[in-house]
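Down below is the structure, laid out as structure tokens.
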Amino acid sequence: NIFAGASYNELYMEPGTTMIKAALRIKCFPSEYDANRIITAGGFYINQKRTTNPLEMLSPNIHILPNGISVFRVGKKNYHIVRWM
């Protein structure tokens with residue numbers, strides 16, 4: 001299973017939530033510095049689409065699947081499943 005060992009989080013979607021804010025809330029990165037560095041270097045994906053702007057706003061129509069879930073990935077194998085409330 002590709003998601004075996006993936007962390008699972010439930011978050012409330014707050015208006016103005018940025019990529020970096022969401023990633024830090026679900027502990028994708030140990031620090032804000034690492035988050036900025038890895039996202040801008042192209043090592044961060046939401047639903048298999050690379051994002052390189054840490055300040056990009058999360059959009060329900062783009063970043064959240066119809067089932068209310070987003071799949072965050074750091075690097076090649078570090079998955080985080082988010083169920084939006």
So do the side chains of [X] and [Y] get within less than 4.5 Å of each other, counting heavy atoms only?
| X | Y | result |
| --- | --- | --- |
| Glu56 | His63 | yes |
| Asn53 | Met19 | no |
| Phe29 | Asn78 | no |
| Thr40 | Pro54 | yes |
| Tyr33 | Arg37 | yes |
| Met13 | Leu58 | yes |

- Starting at OG of Ser70, measure out to CD1 of Ile62 and round the result to the nearest 0.5 Å.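 Ser70 atom OG to Ile62 atom CD1 measures 11.5 Å (nearest 0.5 Å).
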- Mind checking the CD1-CZ spacing from Ile39 to Arg50? Nearest 0.5 Å is all I need.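 These two atoms lie 12.5 Å from each other.
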Applying a strict under-4.5 Å side-chain criterion to I, L, V, M, F, W and Y, I'd like to know whether [X] and [Y] cluster together.
| X | Y | result |
| --- | --- | --- |
| Ile81 | Leu24 | no |
| Trp84 | Val71 | no |
| Ile69 | Tyr79 | yes |
| Ile20 | Phe72 | yes |

Heavy-atom pair with the smallest gap, counting every atom of [X] and [Y]:
| X | Y | answer |
| --- | --- | --- |
| Thr18 | Leu55 | CG2-O, 3.6 Å |
| Ile64 | Asn47 | N-ND2, 4.1 Å |
| Tyr12 | Arg25 | O-NH2, 3.6 Å |
| Thr52 | Gly42 | CG2-CA, 3.8 Å |
| Cys28 | Val74 | CB-CG2, 3.8 Å |

- Item | CD (Glu10) with more than 12 external heavy atoms under 6.0 Å |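 Atom CD in Glu10 is crowded, with more than 12 foreign heavy atoms closer than 6.0 Å.
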- Test log, rule side-chain contact (heavy atoms from CB on, under 4.5 Å), inputs Asn9 and Arg83: CA-CA 6 Å; Asn9 296 274; Arg83 180 168 180 260; over 6 Å; no
- When you measure from the side chain of Arg73 to the backbone N and O of Gly75, does any donor-acceptor pair fall under 3.5 Å?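 Yes, Arg73 side chain to Gly75 backbone: donor-acceptor pair under 3.5 Å.
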- Would Thr51 and Tyr45 count as a side-chain contact (heavy atoms from CB on, under 4.5 Å) if you check the C-alpha gap in whole Å, the side-chain angles of each, and the deciding distance to 0.1 Å? CA-CA 6 Å; Thr51 182; Tyr45 302 79; over 6 Å; no
